[in-house]
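Notes follow once the structure below has been shown.
Values below: all heavy atoms of this structure, side chains included; hydrogens, waters and symmetry mates excluded. A quick note: this is a predicted structure, and the numbers were derived from the prediction, not measured. Residue numbers begin at 1 in each chain, while the letters A, B, ... track the order of the sequences.
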Amino acid sequence: MQAVELDKTYNPKEFEERIYREWKENGCFEPTLNGNPTFTMVMPPPNVTGILHMGHALNNLLQDILARYWRMKGRPTLWLPGTDHAGIATQNVVERELAKKGLSRHDLGREKFVEETWKVKERHHGVITKQLEKIGSSCDWSRERFTLDEGLSGAVREAFVTLYERGLIYKGNYLVNYCSHCGTALADDEVEYSNVAGRLYDIKYPFASKEGGITVATTRPETMFGDVAVAVNPSDERYKDLIGTTVILPLANKEIPIIGDSYVDIEFGTGFVKITPAHDPNDWEIGQRHNLPQVNILNPDGTLNENVPLAYQGMDVQTGRKAVVKDLEEGGYLISSKPHDHEVGHCYRCSTIIEPYLSEQWFVAMEGMAKKALEAWERGEINFYAKRWENTYSHWLKNIRPWCISRQLWWGHRIPVWYCHDCDAVMVERVDPTVCKKCGSTNIEQDSDVLDTWFSSWLWPFSTLGWPQKSDDMQNFFPTNTLVTGYDIIFFWVSRMIMASLEFLGEVPYRDIYITGLVRDKQGRKMSKSLGNGIDPLEVVDLYGADAMKFTLCYMAAQGQDILIDIESFKFGSRFANKVWNATRFLLMNIDGRKLLSLEEVELKVIDQWMYHQVNEAALKIEKAMESYRFNDAAQVIYDLFWSDFCDWYIEATKHNLTTDDEADKDRQVTIMLNLLDQLMRLMHPFASFITEEIYGKLPNTQGRLIEAPYVVYKADGCYEEAKEIVTAMQDVVHAVRALRSELQIPIERRLSVILRPNPNFKGSLFIEENQGLVAALIGADNFKIDYDAVESITSAVPVSGIGFEAFVFVQDVLDIAGEMKRITNELEKNRKALEGSLKKLSNAQFLANAKPEAIEKEEGKRLEFEEKIEKGESHLSLLASMKAQK
RNA sequence: GGGGGGUUAGCUCAGCGGGAGAGUCCCUGGUUUACACCCAGGUUGUCGUGGGUUCAAAUCCCUCACCCCCCA
């Protein structure tokens, strides 16, 4: 073989882009059926006009790890990517662009505007997909979908019509959340509540037929024009006699009744509540109970309408409020006004304050579907990771409300409902009608609203696979296996997908739902534009590489926990990648002129067996971690295996062993080393994909691409328990001597003389005897002897001990005997305490009677260990004491 | 008002019934056949508070305190 030269430092820019291109161009992301069960995930579709943020990065990196892992395990793996048309957000983007030219969407007209929006979509689309490629996502681009493409639009149409036919979709005049800025209704869960400092106004409403009046409290005085009653609690002794009388609405000069309703909290405010059914959900309910009219005081653009006195018409809510307060004050109706903080709903897209608004909208009745979704969970058909999210899921479903699905927008799936202007026909059709089905008139018109974006997203796990067609992909890949997403959309999306899947296909869309943590800054704050504390994933890739980002996030992704990071955090992954790179560089420097042997005929020595044992154990731990979605555990296993076992011990041993003159043995060692490197690359590939592929391609003992290579699986006959014990014993000796060297500040170039006295049952004896040169090198000794029979003189040597051995280190001028004695004394103290605890336990009859046998056995072992340590400590102490006396 | 989560080394967090851990920081010493993005070693903790269950509690149960979410 020839040496392979690697650059001195790890430079991901050299190869990441090239490798991604090779994977993609060679169809490595596309599944090939092979008889094994498939593994499928649909990517949560990012907003097509959005850009990748850390949350996306985390989410997609974890999916990539799963995809690569299962692909290497031999399952045909489909990770299906796509984007979301994001109705309000995208329309906002286009409207903002138009506004710069002084235009509104109405200037363009619907058709032109939608055309324009498609152009914007095309322009933005490449941005987010390119970003997903940059971070290494191994998703099948040949199957990429968009929520507004032809197939998915067909699925939306099918779903709408089917639900309508099943009587689950209806149109009604209800109170909805309305954003006057976006000009559309919003679903309950699209409203975000936050605390706002407002004022609480006490207003006097005079009695209609006598002197005096009552006082109502409100935070929104302008809504008084929508008042249709004032309510008191019928058990309120102060006021119950007033029920049935009337009061006058100031400024409007309108007479409204006082009614009794137990909703009113006697303790709160004045005990009187103004009832505004068209502008408050609670009042709406009361209005229903008492058959009250609904007076809407707002125009769709958020200004006050003709139902308020002329003076206020056309004002927006804030202006109207000021004017009303001023006039109330002047009229002597304002009794008081004091600061009052309360929770106010805001639009999740534009943060405008949401007004409850009475309007005609389309709804989906959710109760039945929610019940099925709840039952599927109760039957154990879906599992959340972490489990506690199941509370969120079930709580939501148990308190489900009708879903308002119409939006007064132009960008989206237009509602497939036609109205005939010549008769009253309402047509809900799979194919666009041209004439009225009832009267034959051509004077028909489609509903002008579009559907909530989530009405397409909730079909995502099957619409992307071809539903409602019975496609091959549906056959092969549905139901999918795992969904990875954030907890903020368990309501919006996850539970609705489950409901849709059960409703249309009769089964759940996936079994496992992994809920990622939120990526936050080091202060624990959400990353946001306004705080400017966000980290751009692309910047991380640029600085440290995609693997560094992936490995860092994976290492930190503890199940159910948020991730707190700053840009510096990614140095962790970068250091690891650099380590991997350099270890490889070293090994590949040493293969020059060597012959690659067949693995079958190669003899494994103890140290090799040990390394294979560690790899085998790691494979098992990773398997367990991956099956329970414990990404951080898997990453930690990889880290320790590569850095601690492979670099710190195996390569160090190799370094020494390669100094031999035995050419055949060098071939043997290099063969094993390369094989181990191959296996390590396979194990690490899901967690650090680019660097491992790059290295794999440079190894002389590999073929093909790593992404397609089989994963390392745990083999019961791959355990070398004895080698493990032996090497651990050797490591103990090395650790003990190194610690002493460091303690006494003996520089490495000062070679030591060391005498090792093992107990008869010490596991490392034979190995150390046969590898004296290696051990001597690891501890920096010139002179290293094993003294089984305790015959060598240890005069003037400093003692150290470990389990099953003592070692005596000869150092000429030990500077600080007293210090060393102090250290041993402290150690002794600790061990005596530990022994005391152990003995106490072992003499406790209750413990012996109740504890598991293993626990007792372990405690017994501990006792022996402590006794040995104490015994040695005492003897070492007296040894040092005599040394000190001699000085 | 209801629900969930958190509280472990200076910092970021694992561990979740049987000897308190990792990374980072800090300290000491190092031009080791790759790596200073490195090597060898070291210091650091009433495991938030107070109770309970248990032979045994950081770990299970309850109380309280503080912080963070979600829902009303």
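Distance CE (Met589(A)) to P (A34(B)): 6 Å, rounded to an integer number of Å. Rounded to an integer number of Å, the gap from CD1 of Ile651(A) to C1' of A40(B) is 17 Å. In this entry the distance linking CD of Glu652(A) with P of A34(B) reads 9 Å, nearest Å. Here the C1' atom of nucleotide A40(B) and the CH2 atom of Trp649(A) are 10 Å apart, to the nearest Å. Nucleotide A40(B) holds its C1' atom 13 Å from the CG atom of Leu752(A), rounded to whole Å.
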Measure all distances between protein nitrogen or oxygen atoms and nitrogen or oxygen atoms of nucleotides 54-61 of chain B, and list the pairs falling under 3.5 Å.
residue : atom : partner   : partner atom : Å
C55(B)  : OP1  : Asn850(A) : ND2          : 3.2
C55(B)  : O2'  : Asn844(A) : ND2          : 3.0

Which protein N or O atoms sit under 3.5 Å from an N or O of nucleotides 22-26 of chain B?
residue : atom : partner   : partner atom : Å
A22(B)  : O2'  : Tyr555(A) : OH           : 3.2
U24(B)  : OP1  : Arg575(A) : NH1          : 2.6
U24(B)  : OP1  : Arg575(A) : NH2          : 2.7

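A56(B) and C39(B): their C1' atoms are spaced 41 Å apart (whole Å). With C1' as the reference atom, G42(B) and U54(B) are 38 Å apart, rounded to whole Å. Comparing G41(B) with C16(B), their P atoms sit 28 Å apart, to the nearest whole Å. Taking atom P in both A36(B) and A40(B), one finds a spacing of 14 Å when rounded to whole Å. Straight-line distance between the P atoms of C47(B) and U7(B): roughly 14 Å, to the nearest whole Å. Here, C68(B) and G21(B) have their C1' atoms 25 Å apart, quoted to the whole Å. The same atom, P, is picked in C66(B) and in G52(B); the two are 24 Å apart, to the nearest Å. Separation of the P atoms belonging to U24(B) and G17(B) is 29 Å when rounded to the nearest angstrom.
Side-chain atoms of Lys862(A) lie closest to G18(B) of the nucleotides A34(B), A14(B), G18(B). Taking only side-chain atoms of Glu859(A), from C-beta outward, the nucleotide of G18(B), U33(B), C37(B) with the closest atom is G18(B). Candidate nucleotides C70(B), C35(B), G41(B) were compared by shortest atom distance to the side chain of His735(A), and G41(B) ranks first. The side chain of Tyr487(A) has C69(B) as its nearest neighbour among C69(B), U12(B), C38(B). The side chain of Asp648(A) lies closest to C39(B) when the candidates are U28(B), C39(B), A36(B). Between C71(B), A34(B), A40(B), one nucleotide has an atom nearer to the side chain of Phe491(A) than all others, and that is C71(B). Closest contact between the side chain of Asn590(A) and the listed nucleotides U33(B), C35(B), A14(B) involves U33(B). The side chain of Arg388(A) sits closest to G4(B) out of G4(B), A34(B), A14(B). Of the candidate nucleotides C35(B), G41(B), A14(B), G41(B) has the atom lying nearest to any side-chain atom of Ala739(A).
Of the charged side-chain nitrogens involved, at least one lies within less than 4.0 Å of a carboxylate oxygen, so that Glu859(A) and Lys862(A) count as a salt-bridged pair. A salt bridge links Asp665(A) with Arg668(A): the closest approach of a Lys/Arg side-chain nitrogen to an acidic carboxylate oxygen falls below 4.0 angstrom.
Contact annotation for Thr659(A): base contact, defined as any heavy-atom pair under 4.0 Å involving a base atom. Backbone-only engagement by Arg630(A) is indicated by non-hydrogen atom pairs under 4.0 Å involving sugar-phosphate atoms exclusively. No engagement by Glu854(A) is indicated, since no non-hydrogen atom pair under 4.0 Å with the nucleic acid exists.
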message: Counting Watson-Crick and G-U wobble pairs with both distances under 3.5 Å, what is the dot-bracket string for RNA chain B, 5' to 3', using [ ] for crossing pairs and | for pairs to another strand?
response: (((((((..((((....[..)))).(((((.......))))).....(.(((..]....))).)))))))).
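Residues Asp566(A) and Ser569(A) bring a donor and an acceptor atom of their side chains to less than 3.5 Å of each other.
Side-chain rings of Phe690(A) and Phe15(A) stay apart, their centers remaining 6.0 Å or farther from each other. Taking the centre of each ring, Trp643(A) and Phe551(A) stay at or above the 6.0 Å mark. The aromatic ring centroids of Phe631(A) and Tyr514(A) lie less than 6.0 Å from each other.
With hydrogens and angles ignored, a donor-acceptor pair closer than 3.5 Å exists between the side chain of Lys579(A) and the base of C35(B).
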query: For Tyr639(A) and Phe572(A), what are the C-alpha separation, side-chain angles and deciding distance, and is it a ring-ring contact (aromatic ring centres under 6.0 Å, His included)?
result: CA-CA 11 Å; Tyr639(A) 186 93; Phe572(A) 173 78; 5.1 Å; yes
